[in-house]
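What follows is a set of notes on a single structure, which appears directly below.
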Amino acid sequence: MKKNILLIFFVTISFTSCEKKTVIDREIESLEIKPTNFSSADTIFYATNKIKSLRFIVTKTEYVNLSFYESGKKKSIGSVKNNQCHDKYIDWYENGKLKWTREYNYGNQIGKNIEYQKNGNLKQQFDNKKNETTECWENGKTKVKFIENVSSSYHYFNGNFMEKYTNKLKDEYDVEYFNENGKLVFEGRYEKNILFKENLKYNGKIICYFSNGKISLFQNIVNGIPNGKFYSSYGNGNLKYESEVKNRREIYYKSYYENGKVNFIRDGIKNKFTQWDENGNLIK
């Protein structure tokens, strides 16, 4: 790794008209970085002597960092002011598509923090003003949405609501369950984990369906509490959890990762808890 003052080099590669422009020249121009705004520039190289990063310096505490993939394509850009992250920060995939955008005000994140997938679809977003988090499926549709102290919702692969919870008082929230086609199946209220409907402890089954006819959620409720076997799936169809309760006692609870692998098993009979990582390895 080499490091040296590079202002002369930067001016040369950016403004030499008699030579063919490099990939890095074009990437710098696309970001409208002007060398006249900086007093000097540092560079760091890959082992192949290709440029890894450039630092455009205004003062000791104010500069812009620009990094590149070894192919020469831009990787990230961000500025520092008073030794703190400031203004917009951007990351790109090597294919040129946006990967991550966010904004800072002297080290404090503001605005929207947005991540994208390689195909250009939204991956996840956090709105600092609303304290709102959104995660998306690979098709860009909403998968999970959480608004702090307000609500949370889980969605089918097509973006329609699957489960929606709206905060009320402490230990109390409204709940709604839906089919994948958007039809509301059940609405009620939880109070300290007891399910109510129209101010009465609920008795009955709650069954929701995917558009292909398979069950996405099944619960049998007795006096507001699940009884017997019950289960639920993720919006992509993979099982999310399955459990069994008898006489208010949990027999077992089996949780799954979104990829279908087991997350943990809680055995109420043997009083045993076992957990695995997303690759199926036992966590000890």
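- By the side chain to side chain donor-acceptor pair (under 3.5 Å) test, N131 is found to be paired with no residue, residues two or more places apart in sequence or in another chain being considered.
- The pair K170-E172 fails the salt-bridge criterion, with no side-chain N (NZ, NE, NH1 or NH2) lying under 4.0 Å from an Asp/Glu carboxylate O.
- In this structure, F264 has its ring center under 6.0 Å from that of F273.
- Between Y241 and Y231, the distance separating the two ring centers is not shorter than 6.0 angstrom.
- Under the salt bridge (charged side-chain N to carboxylate O under 4.0 Å, His left out) criterion, E242 pairs with no residue, sequence neighbours left out.
- Applying the salt bridge (charged side-chain N to carboxylate O under 4.0 Å, His left out) test to pairs two or more places apart or on separate chains, those with a residue in residues 247-256 are E250-R266.
- Residues satisfying the salt bridge (charged side-chain N to carboxylate O under 4.0 Å, His left out) test with K168, not counting sequence neighbours, are D174.
- Judged by distance alone, the side chain of N105 and the main-chain N or O of N108 form no donor-acceptor pair under 3.5 Å.
- D267 places a side-chain N or O within donor-acceptor distance of the main-chain N or O of K270, the cut-off being under 3.5 Å.
- For N121 (side chain) and E138 (main-chain N/O), a donor-acceptor pair under 3.5 Å exists by modelled atom type.
- Counting only residues at least two apart or in different chains, salt bridge (charged side-chain N to carboxylate O under 4.0 Å, His left out) contacts with residues 92-120 comprise D91-R102.
- With hydrogens and angles disregarded, a donor-acceptor distance shorter than 3.5 Å links the side chain of S39 to the backbone of I57.
- The side chain to side chain donor-acceptor pair (under 3.5 Å) search around E70 returns T48, not counting sequence neighbours.
- The CD atom of E180 sits 6.5 Å away from atom CZ of F210, with the distance rounded to the nearest 0.5 Å.
- The salt bridge (charged side-chain N to carboxylate O under 4.0 Å, His left out) analysis of residues 74-88, with sequence neighbours excluded, yields the pairs E27-K74.
- With sequence neighbours excluded, the residues that form a side-chain contact (heavy atoms from CB on, under 4.5 Å) with I251 are E244, K246, I269.
- Residue I51 is tested with V23, L66, T43 for a side-chain contact (heavy atoms from CB on, under 4.5 Å); the sole match is T43.
- Checked against the 6.0 Å centroid criterion, the rings of H86 and Y104 do not qualify as a close aromatic pair.
- For N65, the side chain to side chain donor-acceptor pair (under 3.5 Å) criterion is met by R55, not counting sequence neighbours.
- Between the side chain of K123 and the main chain of C136, no donor-acceptor pair closer than 3.5 Å is present.
- A cation-pi geometry, defined here as NZ or CZ lying under 6.0 Å from the six-membered ring centre and within 45° of its normal, does not hold between K214 and Y209.
- In this structure, OH on Y173 lies 6.0 Å from OH on Y190, to the nearest 0.5 angstrom.
- Applying the 6.0 Å contact sphere to CG of N95 captures more than 12 heavy atoms from other residues, nucleotides or ligands.
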Pairs under 3.5 angstrom only: tabulate donor-acceptor contacts from the side chains of residues 140-155 to other protein residues two or more places apart or in another chain.
from	atom 1	to	atom 2	distance (Å)
K143	NZ	E258	OE1	3.3
K143	NZ	E258	OE2	3.1
S153	OG	H155	NE2	2.8
H155	ND1	G159	O	2.9

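- Panel note: side chain N128, backbone G111; a donor-acceptor pair is recorded below 3.5 Å.
- Side chain of Q275 to main chain of I283: no donor-acceptor pair is present (N/O by atom type, distance under 3.5 Å, no hydrogens or angles).
- The ring of F230 has its center no closer than 6.0 angstrom to the ring center of F218.
- Proximity of a side-chain donor or acceptor of N82 to a complementary backbone N or O of Q84 within less than 3.5 Å is not detected.
- Applying the ring-ring contact (aromatic ring centres under 6.0 Å, His included) definition to pairs two or more places apart or across chains, those involving residues 113-139 are W137-F157.
- A distance of 8.5 Å separates CD1 in I77 from CZ in F68, rounded to the nearest 0.5 Å.
- Qualifying side chain to side chain donor-acceptor pair (under 3.5 Å) partners for Y156, counting only residues two or more places apart in sequence or in other chains: S216.
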